[in-house]
A.B. asks: 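I am attaching a structure below and will ask some questions about it afterwards.
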2 protein chains.
Amino acid sequence: MAGAPVSATLLALATPAAESALPCRSDTRGPTRDVTTDNARLPTLEDVARLAGVSRATVSRVINGIRNVNPELHEVVWSAVNATGYVANRAARSLVTRRTGTIALVVSDSESHDDDPFMSRFFSDPFFGRVVGGLMSALRPAGIQLALQLVGADQARGQLVGDLRQGQADGSVVLSLHPGDTLPQLLADAGLAGVVIGRPARPVPISHVDVANDRGAALAADHLVARGRRRIGMITGPIDVPASVDRSSGFRAAMARHGQLFVPSVTGNFTYDSGDRGMRELLAEYPDLDGVFVANDLMAQGGLGALHELGRRVPDEIAVVGFDDSSAALAARPQLTTVRQPLEDMAAEAARMLMALIDEPRRETTAVVFEPTLVVRSSS
Amino acid sequence: MAGAPVSATLLALATPAAESALPCRSDTRGPTRDVTTDNARLPTLEDVARLAGVSRATVSRVINGIRNVNPELHEVVWSAVNATGYVANRAARSLVTRRTGTIALVVSDSESHDDDPFMSRFFSDPFFGRVVGGLMSALRPAGIQLALQLVGADQARGQLVGDLRQGQADGSVVLSLHPGDTLPQLLADAGLAGVVIGRPARPVPISHVDVANDRGAALAADHLVARGRRRIGMITGPIDVPASVDRSSGFRAAMARHGQLFVPSVTGNFTYDSGDRGMRELLAEYPDLDGVFVANDLMAQGGLGALHELGRRVPDEIAVVGFDDSSAALAARPQLTTVRQPLEDMAAEAARMLMALIDEPRRETTAVVFEPTLVVRSSS
DNA sequence: AACGTTTCGGAGAGCGCTCTCCAAGGGAGT
DNA sequence: ACTCCCTTGGAGAGCGCTCTCCGAAACGTT
């Protein structure tokens, strides 16, 4: 039951060559479609009502679970529904209810243009999948669909807001890839139901879920100290990213509590390379460090690579703690001790908050902050 | 510009503790919503028509780009649209057109139950994200939404088919996590438009895209031989997975062409552990191997771990080639030479095929097979 | 027994859009 | 000059559903 290999079920080898597609076989036996399917009008409420010998309204009541329906009729109606194989037409229903039963997952990337490959890099990061999984876990029981929306250029944002208002979705969960994204503000201004994952850089009157980045960093600090490390440094993330700022300040504060008032640090940009570079810089200036907190796993992995090449043994000579518990943490050698944020839970909570907001639009905006946990592996 | 750190923008530390959420602050300033938004009915076709001084029908024609409209009116109508900020109501439109403008990405997992954590494992694999990214790249230009559907238990399958028929989506792209999944057959029987990613285990009259697993494996074989390896073994995947079978047979065939008729091999199950184990078994029986093809990256990563512990130097003493080019390939030390399948392209093609199928339902089912490529890294 | 109250089910009016049908107008053909 | 055809735009009928309004029936009250 170790990490199962879902991807492998279907795969093969990569292709820079864009259009290497070659139609191959075409198994066709007879007409592709079942004739009955194409023509036969799907059963409507009317059909069910006729079969059950009641009116449309009654059937509607039964289906929507509204009281005031005689139990016997209830029975009759349901058996008619089953007999006809009736499924409510979503479009017709939402035309009148003004609800779509859909929420949008909006991935907003203000810096990239519409067809930027950046998006694909984002999608291949487990982060995205974990969020989707968390959302689905909350949405599915409620019978709500999840629709994906990508917005890149600013021009697309206005359109998105328009689409959102006009029945594309009842609300949206926003995933901003960059600090200072304008979308949360736009949604707030338009009065649309929305929940942001991750605290917006600037305060925006919109609900969000987040993780306590500062406390997560403190966890890392406590751990390093508990491991007996006394000369501890840090590689931070970009200074304009809220999460990054919180991690740095949380770490420094925790170290101060442990009596280390100065934390040698360098600034990275969350990439593997910047972690590699950052670690080398840090050690060049402070060669006797015996512990390093790195603000995300990818940089930590890079740092680990640098340490390996520098001949420093991890964790014996120097301990490393990352942040995120991404796949990079497992991929790193040695495997990375890291701070994990409960992304699935956060996403699920975001979905629940959004549903509540949709049901009761005047609800106050709220923020829910989750507690991170420390995952101890071999790097510390 | 190296692999950017999307996930890190928002993250912190993990939580086995389920309900660790704690409401924190609630920035509310005044009523949450803009009053104008709540009450003001959104502009309808009627409103636009009145403003433009024409009939609804004319506005509809203009918006849907139907000819037979006087260019001047065209102008007038568009400016009225802009003035009102009109956006067509999706529900109303699809009620009459019988098109939703949505396609479903159906993730089908016949072995798991509805709330199985397996799903979350799947979502955190880059495989999922790559498919989504590929789909979006084709869907977005066409203005088509992507909705996510998960189906686990069989019971849910019937319902899915019902929902799909009744306007949940115009068609679906199916991602089956297990061989022999019944869903493709169900869709075919129901005459629903669908495209499967990955060849179904049993032939089903439904279109699909796939990668040439056999040729991918051959690429690996050719590469190992070209690297001067002469005693080459293999760790295969499960024998009931089509992709796995194709990889094995493709590899054996290619090796035969190179004069090595017997390929020592052990069977794994695509997990890290089974790769570790498989490598040990393989070397126990054939200690002098100088090259190994492993049917997926995760197993290859496990195998690399085993080699490290066994003190075999990679690639000097023994070369390793994986399959998938997943994140595991980059994570492995040394980084893994692997066969990459063009997942994004495949998904995009699946989307295009599906759109064509939706436009012309009687179209024959087709299969498109993509060529894999070899990504050479340090393990060979 | 007459009235008030409550429960239940039907009738029917839309929701906002598309699209067929039709009328009006303009150009060409004879 | 008259007829015919083609282009253009309006009128209006639904698409399938929900939900308000209303009447009928069933019950309880004085």
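Letters go in sequence order (proteins before strands), and every chain restarts at 1.
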A.B. asks: Checking Thr365(B) side chain against Ser207(B) main chain: does a donor-acceptor pair fall under 3.5 Å?
C.D. replies: no

A.B. asks: Nearest whole Å is fine: how far is dC17(C) P from Arg99(B) CZ?
C.D. replies: 19 Å

A.B. asks: Could you tell me the separation between the CD1 atom of Ile358(B) and the OG1 atom of Thr100(B), rounded to the nearest 0.5 Å?
C.D. replies: 7.5 Å

A.B. asks: Hey, which sits more toward the 5' end of DNA chain D by its nearest nucleotide, Val59(B) or Glu46(A)?
C.D. replies: Val59(B)

A.B. asks: Measure the distance from CZ on Arg98(A) to C1' on dG16(C) and round it to the nearest whole Å.
C.D. replies: 8 Å

A.B. asks: Is there a donor in the side chain of Thr84(A) and an acceptor in the side chain of Asp47(A), or the other way round, less than 3.5 Å apart?
C.D. replies: no

A.B. asks: What integer distance in Å separates Asn70(A):CG from dG10(C):C1'?
C.D. replies: 15 Å

A.B. asks: How many Å lie between CZ on Arg50(B) and P on dG10(D), as a whole number?
C.D. replies: 14 Å

A.B. asks: Within the side chain of Arg140(A), is there an N or O that forms a donor-acceptor pair under 3.5 Å with the backbone of Leu150(B)?
C.D. replies: yes

A.B. asks: If only side-chain N and O atoms of Ser55(A) are considered, is one of them under 4.0 Å from the OP1 or OP2 phosphate oxygen of dG10(C)?
C.D. replies: yes

A.B. asks: Could you tell me whether a side-chain N or O of Asp170(A) sits under 3.5 Å from a main-chain N or O of Gly101(A), the two making a donor and an acceptor?
C.D. replies: yes

A.B. asks: Any Lys/Arg nitrogen of Arg99(B) or Asp359(B) sitting under 4.0 Å from an Asp/Glu carboxylate oxygen of the other?
C.D. replies: yes

A.B. asks: Between dC15(C), dC17(C), dA11(C), which one does the side chain of Leu95(A) approach most closely?
C.D. replies: dC15(C)

A.B. asks: Could you run down the sub-3.5 Å N/O contacts of the protein with nucleotides 18-22 of chain D?
C.D. replies:
unit_1: dT18(D); atom_1: OP1; unit_2: Asn64(A); atom_2: ND2; d: 3.2
unit_1: dT18(D); atom_1: OP1; unit_2: Arg93(A); atom_2: NE; d: 2.6
unit_1: dT18(D); atom_1: OP1; unit_2: Arg93(A); atom_2: NH2; d: 3.0
unit_1: dT18(D); atom_1: OP2; unit_2: Ser60(A); atom_2: OG; d: 2.9
unit_1: dT18(D); atom_1: O4; unit_2: Arg56(A); atom_2: NH2; d: 3.2

